[in-house]
Engineer: 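Would you mind keeping the following structure in view while I ask a few things?
Each ligand, and each atom within it, is numbered from 1 in the order the structure gives.
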Amino acid sequence: MPAISATAPGKIILFGEHAVVYGYPAIAVPVSGVRAKAIIMARPMAPQDSVLIDAPDIDLKTDLYDLPHEHAFARLLTALQDHLNIDYFPAFHLKVTSTIPIASGMGSGAAIAAAMVRAAGTFLGRPLSDEEVALLTYESEKAFHGTPSGIDNTVIGYTKPVWFVRGQPVEFPHIATPFTLVIANSGIHASTADVVSAVRVMHDADPARVNDLFTQIGSIAEDAAKALQDGDVAALGPLMLENHQLLAQLNVSLPELDYLVDAAMNAGALGAKLSGAGCGGNVITLVRPDDAHNVAEALLDSGAVETIITHIASTEDF
Ligand code: PMV
């Protein structure tokens with residue numbers, strides 16, 4: 001049997017992170033220039049149920065059954081087994097690699113899971129729908145933090161821009177005009193679980209104030225969806241800056257991230273904000289396509305360890 005492979009893109013959250021955990025809307029888009037890839041090969045000579053997982057990027061080579069139950073890969077493959085109602089896996093070798101920066105808000109964990117489960121479904125003769133990939137990927141996301149909103153697995157499972165409200169059916173926003181982003185990795189690694197729980201502590205200490213911040217973030221996401229629909233790319237820039245300020249009030253920015261936002265604006269960006277959990281990770285900047293390289297240079301000069309230029313297509317092209 002030939003090898004089966006599947007890939008999944010990275011992602012960024014355009015608007016609404018953190019508030020999305022509490023039921024407010026958020027918008028995320030896939031970043032297809034960076035991807036996770038899973039390759040599955042049958043092991044005809046190995047006993048059934050012997051699943052060898054090989055993830056060189058994280059130095060992991062193990063039998064599935066030697067992983068703790070709570071491990072993201074164990075959760076994922078157990079969820080797949082339950083979902084497909086199969087008692088055991090035929091023996092296979094599963095290799096996963098990824099070009100998505102790890103722990104930087106680009107959904108590397110969700111993309112690895114999505115690629116794995118998509119490849120495994122096909123290998124088992126049960127190709128999965130996007131919805132199934134998104135649902136199963138959610139199971140592995142729970143290993144990273146207890147209360148994932150579901151936005152990462154959804155945008156990566158469907159591989160198109162999403163308008164996401166926790167607990168509601170996913171919607172796909174209309175994007176009338178393509179736009180260009182420069183994503184700058186600060187090189188500072190932060191645990192999503194830790195940042196989400198710090199926000200939870202702040203929320204529980206002063207729910208009125210923090211809910212007010214979330215409400216403002218939610219209404220920025222609504223304004224942004226309208227701007228995307230109208231093709232009003234220029235309107236997105238100020239909304240990004242406002243969203244960044246609100247995230248800073250949630251204590252999830254850092255001086256290094258604020259500095260990257262300022263550097264991008266000084267280099268001619270139309271808007272900039274941190275993206276994802278914060279306290280490190282990425283800053284995303286909206287640019288005119290011709291300015292992308294200048295802004296990327298300015299970000300690298302200001303401490304970013306890596307930049308990615310990505311073009312978000314209009315909805316017709318997804
Ligand atoms: O995994 P990250 O860094 O993209 O952050 C996830 C976004 C949060 O809103 C902070 C958490 C969540 O579950 O949506």
Engineer: To the nearest 0.5 Å, tell me how far K11 NZ sits from D152 CG.
Structural biologist: 3.5 Å

Engineer: Can you tell me how far apart NE2 (H18) and NE2 (H203) are? Round to the nearest 0.5 Å.
Structural biologist: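 That separation rounds to 13.5 Å.
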
Engineer: Which of the numbered atoms in ligand 1 are under 4.0 angstrom from any heavy atom belonging to G276?
Structural biologist: 2 (P), 3 (O), 4 (O), 5 (O)

Engineer: Within this structure, what is the NZ-CG distance for the pair K273 and L239, rounded to the nearest 0.5 Å?
Structural biologist: 11.0 Å

Engineer: Can you list the atoms of ligand 1 that are under 4.0 Å from a heavy atom of P148?
Structural biologist: 13 (O)

Engineer: Quick one: pull up CG in D54 and NZ in K61 and give me the separation to the nearest 0.5 Å.
Structural biologist: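 Reported to 0.5 Å precision, the distance equals 4.5 Å.
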
Engineer: Just go through R166, K11, E17, H18 and tell me whose heavy atom is the nearest to atom 4 (O) of ligand 1.
Structural biologist: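 Considering heavy atoms of R166, K11, E17, H18, the nearest to atom 4 (O) of ligand 1 sits in K11.
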
Engineer: Which of the numbered atoms in ligand 1 are under 4.0 angstrom from any heavy atom belonging to V21?
Structural biologist: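 Within the 4.0 Å cut-off of V21, ligand 1 contributes 9 (O), 11 (C), 12 (C), 13 (O), 14 (O).
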
Engineer: Which ligand 1 atoms are under 4.0 Å away from a heavy-atom of I13?
Structural biologist: 7 (C)

Engineer: Numbering the atoms of ligand 1 from 1, which are under 4.0 Å from a heavy atom of V20?
Structural biologist: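 Heavy-atom distances to V20 below 4.0 Å select 9 (O), 14 (O).
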
Engineer: Please lay out, stage by stage, how K95 and D57 fare under the test salt bridge (Lys or Arg N to Asp or Glu O under 4.0 Å).
Structural biologist: CA-CA 10 Å; K95 180 168 183 181; D57 298 343; over 6 Å; no

Engineer: At what distance is the nearest protein heavy atom to atom 3 (O) of ligand 1, and which residue and atom is it?
Structural biologist: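 It is A277 N, 3.0 Å.
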
Engineer: What atoms of ligand 1 come closer than 4.0 angstrom to any heavy atom of D152?
Structural biologist: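 Taking each heavy atom of D152 in turn, ligand 1 has 1 (O), 4 (O) under 4.0 Å.
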
Engineer: As a quick check of understanding, evaluate side chain to side chain donor-acceptor pair (under 3.5 Å) for S253 and D258, giving each step before the final call.
Structural biologist: CA-CA 7 Å; S253 190; D258 297 341; 2.6 Å; yes

Engineer: Is the shortest N/O to N/O distance between M106 and ligand 1 below 3.5 Å?
Structural biologist: no

Engineer: For atom 13 (O) of ligand 1, grab the closest protein heavy atom and report residue, atom and distance to one decimal in Å.
Structural biologist: S149 N, 2.8 Å

Engineer: Would you find more than 12 non-hydrogen atoms of other residues, nucleotides or ligands less than 6.0 Å from K142 atom NZ?
Structural biologist: yes

Engineer: Under 4.0 Å from a heavy atom of I151: give me the atoms of ligand 1 that qualify, with their elements.
Structural biologist: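 Numbered from 1, ligand 1 contributes 14 (O).
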
Engineer: In Å and rounded to the nearest 0.5 Å, what is the NE2 to CD1 distance from H244 to I220?
Structural biologist: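 Going from NE2 on H244 over to CD1 on I220, the span is 12.0 Å.
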
